[in-house]
Amino acid sequence: MDPSPANVALAVKRLQYRHHRRLTKALAPLGLSLIQWDTLRHLRERPDASLHELAVLTFQTDQSFGSLAVRMADRGLIERVPGPGRAVRHRITAEGERLRQAGQKAVATVVETSFDGLTPDELEQFASLLDRVLGADPSGV
């Protein structure tokens with residue numbers, strides 16, 4: 001591969017796209033989309049997260065995440081609880097946690113397989129380079 005910034009950026013996008021397709025397929029038997037599983041993962045790490053916070057973390061707009069949150073609450077995967085002022089906070093339910101755990105196994109398998117071609121040192125170097133490119137902002141925005 002020509003290591004020009006444009007080609008490297010395209011390779012990163014191809015990797016992301018491959019992950020998205022494979023993760024979507026792996027999560028389908030659980031009745032979860034990748035965004036739903038990612039929401040459950042973030043809620044486990046950030047109980048009582050706001051709609052806006054979850055939208056940013058899952059790369060959604062507030063409006064699209066709001067619709068997703070309602071559907072997930074209707075399925076019993078999350079709870080929407082009143083927060084301060086007009087804010088709505090979100091929490092993972094027992095069923096949501098069960099599916100998150102099952103999804104985590106599927107996700108780990110897909111992601112580990114994706115990086116099988118790298119040695120542990122190469123993977124560490126790749127992670128370090130990505131951190132450097134993304135800079136101090138962990139959201140990558």
Side-chain angles (χ1 to χ4, degrees), residues 1 3-141:
M1 172 177 74
S4 70
N7 285 340
V8 172
L10 184 58
V12 168
K13 183 64 178 174
R14 284 184 180 141
L15 179 61
Q16 184 271 334
Y17 181 68
R18 182 174 71 189
H19 282 157
H20 192 98
R21 282 183 322 193
R22 291 179 180 175
L23 292 170
T24 296
K25 185 177 180 180
L27 293 167
L30 299 173
L32 289 176
S33 69
L34 179 54
I35 295 168
Q36 289 171 328
W37 178 82
D38 198 32
T39 298
L40 297 173
R41 179 177 67 90
H42 285 299
L43 277 176
R44 182 170 185 269
E45 296 168 2
R46 292 177 172 85
D48 294 325
S50 71
L51 184 139
H52 177 72
E53 183 180 6
L54 290 167
V56 169
L57 290 168
T58 59
F59 305 102
Q60 304 295 304
T61 64
D62 288 3
Q63 183 178 1
S64 62
F65 188 82
S67 297
L68 175 70
V70 168
R71 290 191 309 274
M72 290 180 74
D74 289 347
R75 282 187 59 195
L77 304 177
I78 66 172
E79 295 176 317
R80 294 170 48 92
V81 295
R86 293 179 29 201
V88 175
R89 301 293 179 192
H90 300 82
R91 295 182 187 146
I92 192 169
T93 64
E95 176 62 6
E97 177 59 18
R98 183 187 73 75
L99 287 174
R100 185 206 61 78
Q101 287 177 14
Q104 179 60 47
K105 292 175 185 172
V107 167
T109 299
V110 168
V111 174
E112 287 170 12
T113 301
S114 181
F115 294 106
D116 274 350
L118 299 178
T119 67
D121 286 344
E122 289 171 331
L123 187 58
E124 185 176 332
Q125 182 181 16
F126 185 53
S128 177
L129 291 169
L130 285 173
D131 282 345
R132 204 162 94 203
V133 169
L134 290 171
D137 184 355
S139 71
V141 196

Going by heavy atoms in the side chains, are Arg75 and Gln36 under 4.5 Å from each other? yes
In this structure, CG of Asp38 is separated from CG of Leu57 (nearest 0.5 Å) by 8.0 Å
Run the side chain to side chain contact (heavy atoms under 4.5 Å, CB included) test on Glu97 and Leu40 for me, step by step, so that the C-alpha distance in whole Å, both residues' side-chain angles and the decisive distance to 0.1 Å come before the verdict. CA-CA 7 Å; Glu97 177 59 18; Leu40 297 173; over 6 Å; no
When every non-hydrogen atom of Asp48 is compared with those of Val81, the smallest separation belongs to OD1-CG2, 4.4 Å
Rounded to the nearest 0.5 Å, how far does CD of Gln101 lie from CH2 of Trp37? 11.5 Å
Spatial distance of atom CZ (Arg89) from atom CZ (Arg46) [nearest 0.5 Å]: 12.5 Å
Count the heavy atoms belonging to other residues, nucleotides or ligands that lie under 6.0 Å from CD of Glu45, then report whether that count exceeds 12. yes
Straight-line distance of Arg18 CZ to His20 NE2, nearest 0.5 Å: 14.5 Å
Look up atom CZ in Arg44 and atom CZ in Arg100, then write down how far apart they are to the nearest 0.5 Å. 4.0 Å
Is Thr39 reaching over with its side chain to a backbone N or O of Ile35, donor-acceptor style, under 3.5 angstrom? yes
Looking only at heavy atoms, what is the nearest atom pair of Phe65 and Ala55, with distance? CB-CB, 3.7 Å
To the nearest 0.5 Å, what is the distance between CG on Asp62 and CG on Leu54? 10.0 Å
Apply the test salt bridge (charged side-chain N to carboxylate O under 4.0 Å, His left out) to residues Asp74 and Arg71: give CA-CA distance (whole Å), side-chain angles for both, the deciding distance (0.1 Å), then the verdict. CA-CA 5 Å; Asp74 289 347; Arg71 290 191 309 274; over 6 Å; no
Applying salt bridge (charged side-chain N to carboxylate O under 4.0 Å, His left out) as the test, list every pair that has at least one member in residues 104-130; sequence neighbours left out. none
Could you work out, with ring pair (Phe, Tyr, Trp, His ring centres under 6.0 Å) as the rule, every residue matching His19, not counting sequence neighbours? Phe115
On a heavy-atom basis, which atom in His90 and which in Ser50 lie closest, and how many Å separate them? ND1-C, 3.9 Å
Of all heavy-atom pairs between Leu51 and Gly66, which one has the smallest distance, and what is that distance? CD1-CA, 3.4 Å
Identify the two heavy atoms, one from Ala49 and one from Leu43, that lie closest to each other, and give their separation to 0.1 Å. CB-CD2, 4.1 Å
Please find the pair of heavy atoms, one from Leu118 and one from Leu123, that lie closest to each other, and give the distance. CD1-CD1, 4.0 Å
Looking at Gln60 and Thr58, would you say the former's side chain and the latter's main chain have a donor-acceptor pair under 3.5 Å? yes
